Amino acid sequence: MRTEQPKTIHLKDYREPDYWIDETHLTFELFDDHALVHSRMSIRVNPGEAGDGRPDLVLDGQNLELMSVELDDKRLASGDFQFDENTLSLKPERDTFELAITTRIKPRENTALEGLYQSGSMFCTQCEAEGFRKITYYLDRPDVMSRFTTTVIADKGDYPVLLSNGNPIARGDHDGGRHWVTWEDPFPKPAYLFALVAGDLCLIQDSFTTMSGRTIDLRIYVEPDNREQCGHAMDSLKRSMRWDEEVYGREYDLDIFMIVAVNDFNMGAMENKGLNVFNSSCVLAHPETATDAAFQRVEAVVAHEYFHNWSGNRVTCRDWFQLSLKEGFTVFRDAEFSADMNSATVKRIEDVSFLRANQFAEDAGPMAHPVRPDSFIEISNFYTLTVYEKGAEVVRMLHTLLGPEGFRKGTDLYFDRHDGQAVTCDDFIKALEDANGADFTQFKRWYSQAGTPRLNAEGRWDAATGTFSLLFRQSCPPTPGQSEKLPFVIPVRMALLDGEGNEMPLRLAGEDGERGSETVLSITEAEQLFTFTDLSEEPLPSLLRGFSAPVKLIYPYHRDDRVFLAKNDPDGFNRWEAAQSLAVDVLQGLVEIHVAGRPLMMDQRLIDVYRTVLGDDSLDPAMVAEIIRLPSEAYLVELAEQADIDAIHIVRDWVRHTLAVTLEEQLWSIYRRLDERIPYSAEAVQFARRSLKNTVLGYLMLTESQDALSACVRQFVEANNMTDRQAALVALVNSPFDDQKRAALTEFAERWKDYPLVMDQWFSIQASAAQPGGLERVQELMEHPAFTLRNPNKVRSLIGAFASQNLINFHRSDGEGYRFLADQILLLDGTNPQIASRLMTPLSRWRKYDPARQNLMKRELSRIMGKPELSPDVFEVVSKSLA
Ligand code: ARG
Ligand code: ZN
């Protein structure tokens, strides 16, 4: 057991720092086995915080070897300062002073990938949230903003490229084959936005002319082998820059904008000022190596990081409890950008499916926390779906309530008022309020209350008066530390449909005038009634269009109503939603039948909906693909009170097979129509056609016919792009055709062995395959030469995919899946705590399963808890899971 428990940090304890650092001058001397970091800081006491007498200056530091400290150019003796594992403190004698510190660090031994580390042959940094303290002693908190200059010195042959934030202002050569570059960033920034890169990288260059006519030098740096895979990222960057000017009026501010791709990276990417560092999986995209999904991810992540330049960098967070201030807002911005670039409805469907299967589960589990958490042990654990995705939903609701113009007025005021500041979620809301004369006092509960609200609605038709009343009741289940919740503000976008599926005019009792054919009802009470008048016939409500609030809506539709909506709702999103909820209803019903030991029988209405949708040529093919995709196992688990994973898997498989066999002919005609040989392009129309074609291929392979097998093998061999090739491989791997499967896997690995990102796909496809023996396959793959526990992408694609996508194998009843995962977590905790902690998620959800599995999962959690010297990251998740 650990000797001392890591401390919990509370939002309510926030106070300003005792000192400010106005200037930070850094010099890095990089060597093969270590680096020397010289810092020189101009420091000033914070008059607001200094009471009687000057407070001690307490700097953060971790894993640092302290070489020297100089105060106003006088070297301090070791008695003049104190230091322990996490701090360096001293007593300044004046209100302003210069402090110079030299530390020695070991980037090569830094396997946690926080601070300065080596990835392959390059040096790079990741400082958010608290990585800078692993570089030098500093006030490592986002409200301390400083102007940085950085000089990097390294061997010129091995590290010809030396980068940091801002603009390069000087360079030169030293004796012994070393050279140096100095960078200056004119914008004050917190240390978490600091970055440094050194390596032998090739440069892809372009330019962008801003709305005021300035020319920006755009640069993407990658390893020379990846030179051909940067075009899409560059194109996405230019489109992001234009979009932020047009939609938010935001112009880029430095003369140069750089992206660097690194192979070993804990997250997706990082918005360091002027020098974004990316996981190579979020930069590289070539038709032959990357799928359409990867192309869209690159576009989204490039946009996300670029948008942070305003929502994150120019205006940053006061403290880490405010993380959603930048992340929720920026995810909303990147989602709207992707919606504008591709199909808006399909993007919304993807995001909502993801949120409901994953963030809702987080809200229902032991790590549930509000969008603005009240406390944490390790901030790295709070880069969550709640802070990011639910945070974005909260901003989306504000956008819905204010309308696009009101929202823009609000963001203009926010950027204007807080430029150069470190602020809070309250400041963001205040700007939106002030610009619009709005009052969001109650709305702000979305920031402070955790959990997914339930919204029960009931409709009552009164034929005599021609009125339809909708009664809403909201509630929110308890979450850790929050037993009672107050009512939320829930915007419900809705319409009423007549018997033909047309939207009816909306008149609300007690209101003058009409609301048009679609409106947003604002629900603020625990119980609230809306009465629509002057209706000519009984309407069918189309509710929560576009998923206008992150809630669980429960409306007592009959299956026939859902069929009607799936076929007729003029709102595309709600057509999908109706088909999806019909499928959920059918699947849940069948799970009960299966558990009762009765034979399964298909509800013909689901087949009928699929048949209609497949035959509707007016629909976007991507929409058809979304509609005919059954809800995921993960979503069905989330919806269940206690999930019977065996039953869910068997039933869902059976329904998929039944649909495939029943609709075979129609599926074939679609496959043949879409199986065309055209040159690849990464654009929405083609994404849509490939999405439908490959979804259809997946169904066809379930028929296990020779024709399907031949088509699939042919597609695998002849495809001119990775999307089609990979879809065929997935279908083969999940089929009973063992010979063809083995041949395809071997050929694929042979061809792509030198492409780590493609091999990640190869691992992940096998790790996710539902056939029995999944654990053994994964264990065997861990021995593959392309696999390493040191690379986060590899861990995610093999271990992560197994534990989160392969539910039937991971949850095998003897608990070996759990034991395997716990073993890997324990191993990784010693090298990379962030990655270890992320892998905890499936085990933390143990309360969802049957008592036998609960015990097996808890046994592994206890085993992890018992490890001496557990990282704070894993400690926080495991202790909260067992609490
Ligand atoms: N700010 C980055 C982004 O959202 C993510 C940084 C993640 N850092 C971490 N320690 N988890 O783009
Ligand atoms: Zn972000």
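Treat the numbers as computed from the prediction; the structure is a model and nothing was measured. First listed ligand is number 1; within each ligand, the first listed atom is number 1.
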Undergrad: Give the atom name of whichever N/O/S atom in Glu327 sits closest to the Zn ion (ligand 2).
TA: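 Restricting Glu327 to its N, O and S atoms, the minimum distance to the Zn ion (ligand 2) goes to OE1.
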Undergrad: Take Asp426 and Arg372 through the salt bridge (charged side-chain N to carboxylate O under 4.0 Å, His left out) test and state the conclusion after the steps.
TA: CA-CA 10 Å; Asp426 289 328; Arg372 182 188 53 220; 3.6 Å; yes
Undergrad: Suppose we screen for salt bridge (charged side-chain N to carboxylate O under 4.0 Å, His left out). Which residues come up paired with Asp206, at least two apart in sequence or across chains?
TA: Lys238
Undergrad: Short N or O contacts of ligand 1 with protein, under 3.5 Å, listed by atom name?
TA:
| unit_1 | atom_1 | unit_2 | atom_2 | d |
| --- | --- | --- | --- | --- |
| ligand 1 | 1 (N) | Glu128 | OE1 | 2.5 |
| ligand 1 | 1 (N) | Glu271 | OE1 | 2.7 |
| ligand 1 | 1 (N) | Glu271 | OE2 | 3.4 |
| ligand 1 | 1 (N) | Lys326 | NZ | 3.4 |
| ligand 1 | 1 (N) | Glu327 | OE2 | 3.0 |
| ligand 1 | 4 (O) | His304 | NE2 | 3.4 |
| ligand 1 | 4 (O) | Glu327 | OE1 | 3.0 |
| ligand 1 | 4 (O) | Glu327 | OE2 | 3.1 |
| ligand 1 | 4 (O) | Tyr388 | OH | 2.6 |
| ligand 1 | 8 (N) | Glu128 | O | 3.4 |
| ligand 1 | 10 (N) | Glu128 | O | 3.0 |
| ligand 1 | 12 (O) | Ala269 | O | 3.3 |
| ligand 1 | 12 (O) | Glu305 | OE1 | 2.9 |
| ligand 1 | 12 (O) | Glu305 | OE2 | 2.6 |

Undergrad: Is a donor from one side chain sitting under 3.5 angstrom from an acceptor on the other, for Glu223 and Asn263?
TA: yes
Undergrad: Would you please say whether a donor-acceptor pair under 3.5 Å links the side chains of Arg133 and Gln62?
TA: no
Undergrad: Pairs in or reaching into residues 315-327: which pass salt bridge (Lys or Arg N to Asp or Glu O under 4.0 Å), with residues at least two apart or in two chains?
TA: Glu128-Lys326, Glu271-Lys326
Undergrad: Measure the acute angle between the ring planes of Phe257 and Tyr306, then classify it against the limits of 30° and 60° as parallel, tilted or perpendicular.
TA: perpendicular
Undergrad: Provide the atom name of the closest N, O or S atom of His308 relative to the Zn ion (ligand 2).
TA: NE2
Undergrad: List the residues meeting salt bridge (charged side-chain N to carboxylate O under 4.0 Å, His left out) with Glu245, not counting sequence neighbours, and say none if there are none.
TA: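 Glu245 satisfies salt bridge (charged side-chain N to carboxylate O under 4.0 Å, His left out) with Arg242 only.
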